[in-house]
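Chain letters run A, B, ... following the sequence lines, proteins first and then strands; every chain starts at 1.
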Protein chains: 2
Amino acid sequence: MAARNPKRSSTAPRREAARQKVGSTDPAGLKDAGSMPQDGNVRRSATTARPTHIPTMQDVADAAGVSQSTVSRVLTGAPNAIPINPATRERILEVARQMRYRPNPLARGLRGARTMLLGVIVREITDPFFAGAVDAISTEANLRGYNVVLGHAHGRTDEAIALRAVLETRHCDAILLLGDTSDQPRLMDDLRDTNFSVVGLWQGTAPMPGISIIGVDNRFGVGGLMDHLLGLGHRKIAFIGGAFIEGQLIGDIGERRVAFLERAAAEGLEAPEGFVRDAQNTLHGGAGALEELMALPQRPTAIVASTDVLAIGALHAACHMGLDVPGEISIVGFDDLPMAEYTTPALTTVRMPMAEMAAAGVKAAVDEGEDREATTVQILKPTVVVRESSGPARVAAD
Amino acid sequence: MAARNPKRSSTAPRREAARQKVGSTDPAGLKDAGSMPQDGNVRRSATTARPTHIPTMQDVADAAGVSQSTVSRVLTGAPNAIPINPATRERILEVARQMRYRPNPLARGLRGARTMLLGVIVREITDPFFAGAVDAISTEANLRGYNVVLGHAHGRTDEAIALRAVLETRHCDAILLLGDTSDQPRLMDDLRDTNFSVVGLWQGTAPMPGISIIGVDNRFGVGGLMDHLLGLGHRKIAFIGGAFIEGQLIGDIGERRVAFLERAAAEGLEAPEGFVRDAQNTLHGGAGALEELMALPQRPTAIVASTDVLAIGALHAACHMGLDVPGEISIVGFDDLPMAEYTTPALTTVRMPMAEMAAAGVKAAVDEGEDREATTVQILKPTVVVRESSGPARVAAD
DNA sequence: CGCACGAGTGCAATCGAATGTAGCATACCA
DNA sequence: TGGTATGCTACATTCGATTGCACTCGTGCG
């Protein structure tokens, strides 16, 4: 049948066709539309009786008696582009409101519109520090009209999963990496050849190809801690925390460790064997490290933990061993978790410029936008917060 | 090839001919079709040179010399439905791999496919309990091939934002509500007329219309705590924590409070004025409540905090006041945060069946699937964990 | 009197993938 | 050798919203 030759439909009554779309008065024209279930647009309004009652833009259009494109123009609020009769506009808005119409973000995204979604990949959401970071970022993102999609890395092992999580959700406008993920090469790799911006926060301060970095000045923070402890007379200072990947120190914790070592050397501090300990960044890891330190022939009088989590673990272990903190030993951390103020004794630590970093991260992610390549590195300074877990070095001689 | 001649060229292979269908066969016809840019699909392969280098399925098809639909069938792995020549299949897979093709989830979703996304709405991600819950849910979701989208409620005020977060992300296959959100009527309202499943976790144990509930047996948990304290000889027991909305007690905390009151009454405990205190669920709130309790003419010998966060705050305040815990006062919590084991002294509390609840929640969300209406209520039992913050009641006479 | 201009709308193509169906081969059967 | 299976592909439609373009109807101007 002539089914194939669509062409002509237009020849038909031009204006007729146009106007009476919904009507039924164009037998001829439709007919030739051929084998199709015909009745081109009537279908919609009629057939739309799907089980789901989520209204589409077409539904709104039908209800308001205008075309779907008009509804689109009104709802997307394109203000100046194309003029819409105020009366029509009001009517459409009203109908849409009544029908509780919600635009389908998928359809929007398909056309290339921004999804207003920020992907956040965090290694461990249970780390209170990152929970706080997610919160700060989420707050900041909301201010700009963005929402946050959380991808979970679950430690290094399941990198494959995290990877998929990202790629599959690549309908995000940008991705923020929280914490060190450089040990997930596949992830980094896949991220590199995407076309949206990637921003790394708390990943250390080293520039990385293709991604913007927002970091904290770890050297400055550790320096402040050391100043504080040295000022209290400590000369035997130990360090807890390290993160190695194939022998390389990485990320913030690695930087803190390096900063500690350099400063210790510069001050000519004693550095007995075992004064620098690796530990998993968990409460348990901190506790274990403290026990080991205390078992050393020469005990330190102060301990710098590379994170508050480690410090809190160490604190607990110390109290458990009956040690007086800070009487016998001072313990300081890094991060200033909300909890740090509520430990016993309250923890001396380093406060992150959390809100600022979140703001900078979101800004970079959003602004950078199309502009890949234009990656930046921003390093913010933390501040030392002195509480109760650090005190004068015991003059004791052991 | 006959580059020059616009019309079809008969270029050789029959196959070719097929390809350019619309292209040429109707010179006259087109004319009248009027002005359309015609040349239906050839365009694609040529024009597709957009700046972005994310390959589409069509690109893969072109590269492999097959049609887009064939690529789709190969990649989606439709196993038995339609047979594909193994050789073709391999070729396509290879090309796709080389081009690093990734399916566009938006397009997929638009067709109604499951997005494999679970929306999780949490009021405060900084609450370590919920951070843990998110972690557990995320783990469980990943096992089933789902990823988690986090919606952030940020306390009650910005309910509008949370609401939008949800509705805008309604391309989730299901939504999990973490913690009490019943004070966000607009949210609940909007959620009600969606067509996907909604599951509430840690929202108390009362059935709710249209949503499945996974709860913990608060009465049982509080009962266990009371058994423990009563067994230690405590008769003057105070309670911290309450959440009121318009005079109604709600959620888990509300249930714990009710359970406490009932049990206290049943045991005929003394209940001096002020022994039951409201408090914001924060460390600070817990600390404040403890100070108030200790300022009472009659001090309690034990305190039941409705969450670990409150308990830890109280613990800190107690230590700060120089009180001996548990010597002078016992403090117990609820939730068993990771941190609970590392406070000083370690906290006696109630352990959530976290993994089980997460599993049940995800299962409900996923299985329920289409089957709205089929909502359920599951109540799991927690277990008391005795540590160091609770001890025998002082026989003292105050 | 006609024509251009512009406000206001509708039409139809489009985004990328999924899928029902038509169509072409080759193979097999009668 | 004609006819029918059947394996394999291509075509065209679809999802919902966006958007370039065309079209209609008034108006004002030449």
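Between L106(A) atom CG and dT18(D) atom C1' the separation is 15 Å, expressed in whole Å. We find that CZ of R91(B) is positioned 13 Å from P of dC8(D), with the value rounded to whole Å. Distance N104(A) CG to dA17(C) P: 17 Å, rounded to the nearest Å. Between the CD1 atom of I84(A) and the P atom of dG6(C) there is a distance of 17 Å, given to the nearest Å. With rounding to whole Å, L75(B) atom CG is found 12 Å from dA18(C) atom C1'. If you take CZ of R89(A) and P of dG8(C), they are 10 Å apart, rounded to a whole angstrom. In this structure, the CG atom of D62(B) is 11 Å from the P atom of dC11(D), given to the nearest Å.
Dashed line: the shortest gap from a side-chain N or O of S67(B) to OP1 or OP2 of dT9(D) is not under 4.0 Å. Contact annotation: R108(A) side-chain N/O to dG16(D) OP1/OP2 distance is not under 4.0 Å. The shortest distance between the side-chain N/O atoms of T88(B) and the OP1/OP2 oxygens of dT9(D) is below 4.0 Å. Within the structure, a side-chain polar atom (N or O) of Y101(B) is placed less than 4.0 Å from OP1 or OP2 of dA17(C). The phosphate of dG16(C) (OP1 or OP2) has no side-chain N or O of T56(B) nearer than 4.0 angstrom.
Comparing dG16(C), dA17(D), dT9(D) against the side chain of T70(B) picks out dT9(D) as the nearest. Closest to the T76(B) side chain, of the nucleotides dA17(C), dG10(C), dA18(C), is dA18(C). Candidate nucleotides dA12(D), dT18(D), dG16(D) were compared by shortest atom distance to the side chain of L110(A), and dG16(D) ranks first.
In this model, a side-chain donor or acceptor of S69(B) finds a partner on the base of dC11(D) within 3.5 Å. Side-chain N/O atoms of R73(B) and base N/O atoms of dG20(C) include a donor-acceptor pair closer than 3.5 Å.
Under the 4.5 Å side-chain criterion, counting only non-hydrogen atoms from C-beta, V74(B) is not in contact with T88(B). Counting heavy atoms from C-beta outward, R91(B) and N85(B) have side chains that stay 4.5 Å or more apart. Between E140(A) and K363(A), every side-chain heavy-atom pair lies at or beyond the 4.5 Å cut-off.
With respect to E94(B) and R97(B), a salt bridge is recorded, a charged nitrogen being found less than 4.0 Å from a carboxylate O.
With hydrogens and angles disregarded, no donor-acceptor distance shorter than 3.5 Å links the side chain of D62(B) to the backbone of D59(B).
Mapping Q68(B) and N85(A) onto DNA chain C via the closest heavy atom, the residue that lands nearer the 5' end is N85(A).
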